[in-house]
*Asks:* 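This is the structure I have questions about; it appears just below.
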Number of protein chains: 2
Amino acid sequence: MSQGITIGNVSQASGVKVPTIRYYEQIGLLPSPPRTEGNRRSYDERDLERLTFIRHSRELGFEIDEIRTLLSLQDRPDVSCEDADAIASRHLADVKQKIASLTALQHELERMVEGCSHGRVEDCKVIDILADHGKCRFHADHVPHL
Amino acid sequence: MSQGITIGNVSQASGVKVPTIRYYEQIGLLPSPPRTEGNRRSYDERDLERLTFIRHSRELGFEIDEIRTLLSLQDRPDVSCEDADAIASRHLADVKQKIASLTALQHELERMVEGCSHGRVEDCKVIDILADHGKCRFHADHVPHL
DNA sequence: CGTACATCCTCTAGTGACTAGAGGAGCAAG
DNA sequence: CTTGCTCCTCTAGTCACTAGAGGATGTACG
């Protein structure tokens, strides 16, 4: 039946780039597949599913370590899903926080751009607001990056 | 008058950490200040303003290279502020895009967490949705990180 | 004046999640 | 047979810092 998928094909099918797949193997996120006679990696359906799971999780902003936990949970379906729930909930809280920060940032940027007189730097609101923190309504404790 | 601010004080005043200030000097974002007899960096008000400008720009999510351009514009106030406007506008578009992605992501995570039966992994919506991309309403071309 | 301690110095290496490139081998089609 | 694609390993680079080693200097107190 399944006589081995090449790295290129598993890459196409999963949407994960070839060097990234090798990287995932290197950091132990994806098991090392068997090799062909010519030393090429030979994947199967399980690997493709795992890669798709990984890609999807990354798209949703989960970190590699979180994905590691999620994957290990998936492998033991008898265990409580409390951990998975906790990871997703924490992640949800992060996302909400990020949206709030970015929305404040959006308003500030709009104010900057709208205020720009399109003239000389001397009267430029953009430079102005950046230079003088006091004129700014946006105060990030720290905008966490996704 | 101003007889030199220590790196610690300029750090406190600007909100930029000491090693980060040295890093900014290293990459040429902040000019190398004169040194005291004992080889300590000696800053002035201009440096403090520049650092505050940098910190504020970073908080607003501008990249170092963008800040470099912004700073060079600030130094030549006679020039058209078109460039500054362009940078801010592009940045604003990015931010809007990010908010859209994150909002979709938020809904998806809520769906995951709410659907979680708090039982065994077998019935866990979190794992379920992650595993099967088809069940997911969230499709990121790529969620750009802030 | 001594001593404790904070602050400063330089330098190297590590972070996360990849991405790029060198240099070479295998494989399939024309 | 040769062209061109995919694959292999390995190292190093990206971004914006952060951490830590190992040592010098400056300051406050007794």
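Proteins get letters first, then strands, A, B, ... in listed order; numbering begins at 1 in each.
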*Asks:* For the pair made of CD1 in B:Ile21 and C1' in D:dA16, what is the distance, rounded to whole Å?
*Replies:*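 Interatomic distance, CD1 of B:Ile21 to C1' of D:dA16: 15 Å.
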*Asks:* Among the candidates D:dC8, D:dA16, D:dC17, find the nucleotide nearest to the side-chain atoms of B:Thr20.
*Replies:* D:dC17
*Asks:* Whole-Å distance between C:dG16 C1' and A:Glu66 CD?
*Replies:*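 From A:Glu66 CD to C:dG16 C1': 13 Å.
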*Asks:* For A:Asn9 and D:dC7, what is the distance between atoms CG and C1' respectively, to the nearest whole Å?
*Replies:* 12 Å
*Asks:* Does A:Lys17 put a side-chain nitrogen or oxygen below 4.0 Å from OP1 or OP2 of C:dT19?
*Replies:*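 Looking at the OP1 and OP2 atoms of C:dT19, one of them is under 4.0 Å from a side-chain N or O of A:Lys17.
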*Asks:* Rounding to an integer number of Å, can you tell me how far A:Leu30 CG sits from C:dA17 C1'?
*Replies:*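 Computing the A:Leu30:CG to C:dA17:C1' distance gives 15 Å.
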*Asks:* Side chain of B:Arg58, heavy atoms from C-beta onward: which of D:dC7, D:dA16, D:dG26 has the nearest atom to it?
*Replies:*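 Given the options D:dC7, D:dA16, D:dG26, the side chain of B:Arg58 is closest to D:dA16.
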*Asks:* Using a 4.0 Å heavy-atom cut-off across all strands, classify B:Ile7 as base, sugar-phosphate, or nothing.
*Replies:* sugar-phosphate
*Asks:* More than 12 foreign heavy atoms under 6.0 Å from CZ of A:Arg35: is that the case here?
*Replies:* yes
*Asks:* Does a side-chain heavy-atom distance below 4.5 Å link A:Ile5 with A:Asp47?
*Replies:* no
*Asks:* Please tell me which of B:Asp65 and B:Asn39 maps to the more 5' nucleotide of DNA chain D, matching each residue to the nucleotide holding its nearest heavy atom.
*Replies:*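 Result: B:Asp65.
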*Asks:* Which heavy-atom pair separates A:Leu29 from A:Arg50 by the least distance, and what is that distance?
*Replies:* O-NE, 3.4 Å
*Asks:* CD1 of B:Ile27 versus C1' of D:dT14: gap in Å, rounded?
*Replies:*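 It works out to 13 Å between those atoms.
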*Asks:* Distance check needed: C:dT19 C1' versus A:Tyr23 OH, whole Å only.
*Replies:*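 In whole Å, C:dT19 C1' lies 11 Å from A:Tyr23 OH.
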*Asks:* As a test of reading the structure: which of D:dT25, D:dT18, D:dA16 is closest to the side chain of B:Arg40, going by heavy atoms?
*Replies:* D:dT25
*Asks:* Please report, rounded to the nearest Å, how far the C1' atom of D:dC15 is from the CD atom of B:Gln26.
*Replies:* 13 Å
*Asks:* With a 4.0 Å limit, can you tell me whether A:Thr6 has a side-chain N or O closer than that to the phosphate oxygens OP1/OP2 of D:dC7?
*Replies:* yes
*Asks:* Please determine, for the side chain of A:Arg22, which listed nucleotide (C:dC18, C:dC8, D:dC8) has the closest atom?
*Replies:*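 Minimum distance to the A:Arg22 side chain belongs to D:dC8.
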*Asks:* Is the shortest side-chain N to carboxylate O distance from B:Arg41 to B:Glu25 below 4.0 Å?
*Replies:* yes
*Asks:* Start at the 5' end of DNA chain D and walk down; is the nucleotide closest to B:Gly38 or to B:Tyr24 reached first?
*Replies:*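 Upstream on the strand: B:Tyr24.
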*Asks:* Counting C-beta onward and ignoring hydrogens, is there a side-chain heavy-atom pair between A:Tyr24 and A:Ile64 closer than 4.5 Å?
*Replies:*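 Heavy-atom side-chain distance check passes, below 4.5 Å.
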*Asks:* So, is A:Arg55 close to the C:dA17 phosphate, meaning a side-chain N or O under 4.0 Å from OP1 or OP2?
*Replies:* no
*Asks:* Between C1' on C:dA25 and CZ on A:Arg41, what's the gap in Å once rounded to a whole number?
*Replies:*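 Going from A:Arg41 (CZ) to C:dA25 (C1'), I get 14 Å.
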